[in-house]
Amino acid sequence: MAAVPVMLATRRPDAASDEAVPASGPLIDTHGRVHRDLRISLTDRCSLRCTYCMPEQGNEWLARASILTLDEIERVARVAASIGISTFRLTGGEPLLRPDIVDVVRRLATIEGPRGPVELAMTTNGIRLPDFLPGMIDAGLDRLNISIDTLRPDRFRELTRRDRLDDVLAGIAAAAASDLRPLKLNAVAMRGVNEDELVDLVSFALDHDAELRFIEQMPLDAGHTWSREHMVTREEILETLATRWSLTPLPGRGGAPAERFLLDGGPATVGVIASVTAPFCGDCDRLRLTADGQLRNCLFSTTEFDLMPILRPSTGSGTGTGSGTGTGSGTGEAGVDEMDAGIERMLRTCVHRKLPGHAINDPSFLQPARGMNAIGG
Ligand code: SAM
Ligand code: SF4
């Protein structure tokens, strides 16, 4: 499959309003949201091909040369932590496909921000967890989310286009046997696919001392096949669960994407992430770093902020398509301090330019060109 230098979204809008970007203080946007969570996509490659995320064939992979090195990721992460990012979540694609994954965890886990050590989490499909989990825990991984949408082998094969349910189950078993808590399992709820398994998935999670979190399907598949009718809504999910458990809303959600409920009074819980029918943009504290060095301030953003000219000044932009940054971009030797200053400024600009909401429900909504595997979920 062809490797392409990706120019999937607008790299960066005009720089005219950069004057207003705060030069110090917390990472705050113009709507008062302080950003504390950085999602780091380690690769766009994956061992599965979930229908809601990737096409079966013909995916345009990021060029290998454009994938951030561990040194580059660590550099961006250190700068981000120094200005208030306190949680890193490693994702992808499938983060466990990255051969240096244990080193990535080890290097990022040592980072400290002004308020102490960062928290390091990962979202994975679970395949290869039995191989890597002990090393990652030893290296400092704090939390794990594992995705599983169905417990039925035939469905799993159809939904992920791979026959790997047993590998995912082995990964979940390994996580359950470890000390990593809280453990979360993610499931995208889909009409006519797994909507009859919602209760079974929660029970499965409870058996593994984990919290199931249902996600409303979002228009983020690389094949652009999303439809509102196919999505199972928050309301429908709660109605189904209420046939089996009494649900008590848990207060104190903060900026977290999941609304959580006690099951039969607790302590067991379930979560629902209703990005489409009950958006939580007003409290969003997240930004994203793609595997090819683009900062994104929203999953649904069509604008990206290119760090490559800062990270790889002598090679132009790294991908050959980035626009100038105004901070040590393009040519010449950027000193370490200058490079860090450029990264900080780009982080601040990215956050500053964040829109109030994702507008999925607006008729003019435009799905981003990248699929979820290339954005980082
Ligand atoms: N490969 C890993 C995994 O599946 O957990 C990490 C990357 S994946 C993109 C991160 C999360 O995004 C998964 O829980 C997945 O179910 C979710 N996801 C992917 N595409 C989605 C979509 N279109 N709508 C809602 N969630 C989606
Ligand atoms: Fe891979 Fe995760 Fe996307 Fe499924 S959701 S195709 S496991 S990146």
Side-chain angles (χ1 to χ4, degrees), residues 39-57 59 61-62 88-98 101 121-129 132 143-150 155-165 167-168 171-172 175 183-191 193-194 201 205 210-228 230-234 237 257-258 271-277 279-280 286 288-291 296 298-300 358 360 365 367-377:
R39 311 272 159 126
I40 302 175
S41 176
L42 297 178
T43 175
D44 61 330
R45 267 65 168 183
C46 191
S47 39
L48 301 179
R49 292 288 181 278
C50 303
T51 52
Y52 50 74
C53 180
M54 292 177 77
E56 183 165 17
Q57 286 177 340
N59 196 53
W61 304 109
L62 298 175
F88 299 134
R89 176 170 293 280
L90 304 177
T91 181
E94 175 45 42
L96 296 182
L97 285 189
R98 194 151 163 144
I101 185 64
M122 174 183 285
T123 302
T124 168
N125 65 26
I127 296 172
R128 305 184 77 192
L129 255 188
F132 289 118
R143 286 196 289 119
L144 205 50
N145 287 33
I146 308 174
S147 303
I148 180 156
D149 303 314
T150 175
R155 281 188 185 174
F156 186 92
R157 215 176 303 123
E158 216 169 300
L159 181 59
T160 68
R161 302 164 176 136
R162 297 289 185 271
D163 194 7
R164 314 258 341 232
L165 177 60
D167 295 321
V168 173
I172 294 172
L183 177 62
K184 294 176 182 165
L185 304 185
N186 292 355
V188 178
M190 289 160 283
R191 195 167 316 288
V193 179
N194 63 354
L201 282 163
E211 176 184 276
L212 204 289
R213 291 150 42 111
F214 290 107
I215 309 175
E216 283 183 348
Q217 187 179 353
M218 298 178 279
L220 286 170
D221 57 311
H224 292 229
T225 61
W226 180 84
S227 77
R228 198 168 286 272
H230 202 223
M231 178 188 90
V232 178
T233 64
R234 164 193 182 275
I237 292 166
V272 180
I273 301 178
S275 316
V276 180
T277 65
F280 34 87
R286 290 171 287 287
R288 293 181 153 76
L289 174 64
T290 68
R296 299 176 60 92
C298 177
L299 270 178
F300 298 96
H358 60 44
I360 297 178
F365 172 73
Q367 181 173 338
R370 287 186 194 253
M372 188 69 137
N373 68 301
I375 294 172

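Both counts, for ligands and for their atoms, begin at 1 and track the order of listing.
With rounding to the nearest 0.5 Å, the separation of CG in Asn145 from CG in Leu183 is 8.0 Å.
Closest non-hydrogen pair, Leu96 versus Ile127, comes out as CD1-O, 3.4 Å. For the residue pair Val193 and Leu159, the shortest heavy atom distance occurs at CG1-CD1, 4.1 Å. Heavy atoms only, all atoms of each residue included: Asn194 and Val188 are closest at ND2-O, 2.8 Å. Heavy-atom minimum distance, Asn186 versus Asp149: O-OD1, 4.0 Å. The shortest heavy-atom contact between Arg162 and Ser47 is CG-O, 3.4 Å. For Arg296 against Pro368, the heavy-atom pair with the smallest separation is NH2-CB, 3.8 Å.
Listed by chain and residue number, His358, Phe365 satisfy the ring pair (Phe, Tyr, Trp, His ring centres under 6.0 Å) test with Phe300 (two or more places apart in sequence, or in another chain). In this structure Arg164 satisfies the side chain to side chain donor-acceptor pair (under 3.5 Å) test together with Asp167, sequence neighbours excluded.
Ordered by chain and number, Cys50 SG make up the set of protein N, O or S atoms under 2.8 Å of atom 4 (Fe) of ligand 2.
Contact between Gly92 and ligand 2 is absent, with no heavy atom of the residue lying under 4.0 Å from the ligand.
Exactly one of Ile101, Thr91, Ile146, Ile40 qualifies for a side-chain contact (heavy atoms from CB on, under 4.5 Å) with Met122. That residue is Ile101.
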Which pairs of N or O atoms, one from ligand 1 and one from the protein, are separated by less than 3.5 Å, and what is the distance for each pair?
unit_1	atom_1	unit_2	atom_2	d
ligand 1	1 (N)	Gly93	O	3.0
ligand 1	1 (N)	Glu94	OE1	3.1
ligand 1	4 (O)	Ser147	OG	3.4
ligand 1	5 (O)	Thr124	O	3.2
ligand 1	5 (O)	Ser147	OG	2.6
ligand 1	14 (O)	Ser147	OG	2.8
ligand 1	14 (O)	Asn186	ND2	3.2
ligand 1	16 (O)	Tyr52	OH	3.3
ligand 1	23 (N)	Tyr52	O	2.9
ligand 1	23 (N)	Met218	O	2.9
ligand 1	24 (N)	Met218	N	2.8

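Here is the list of ligand 2 atoms found below 4.0 Å of a heavy atom in Gly93: 8 (S).
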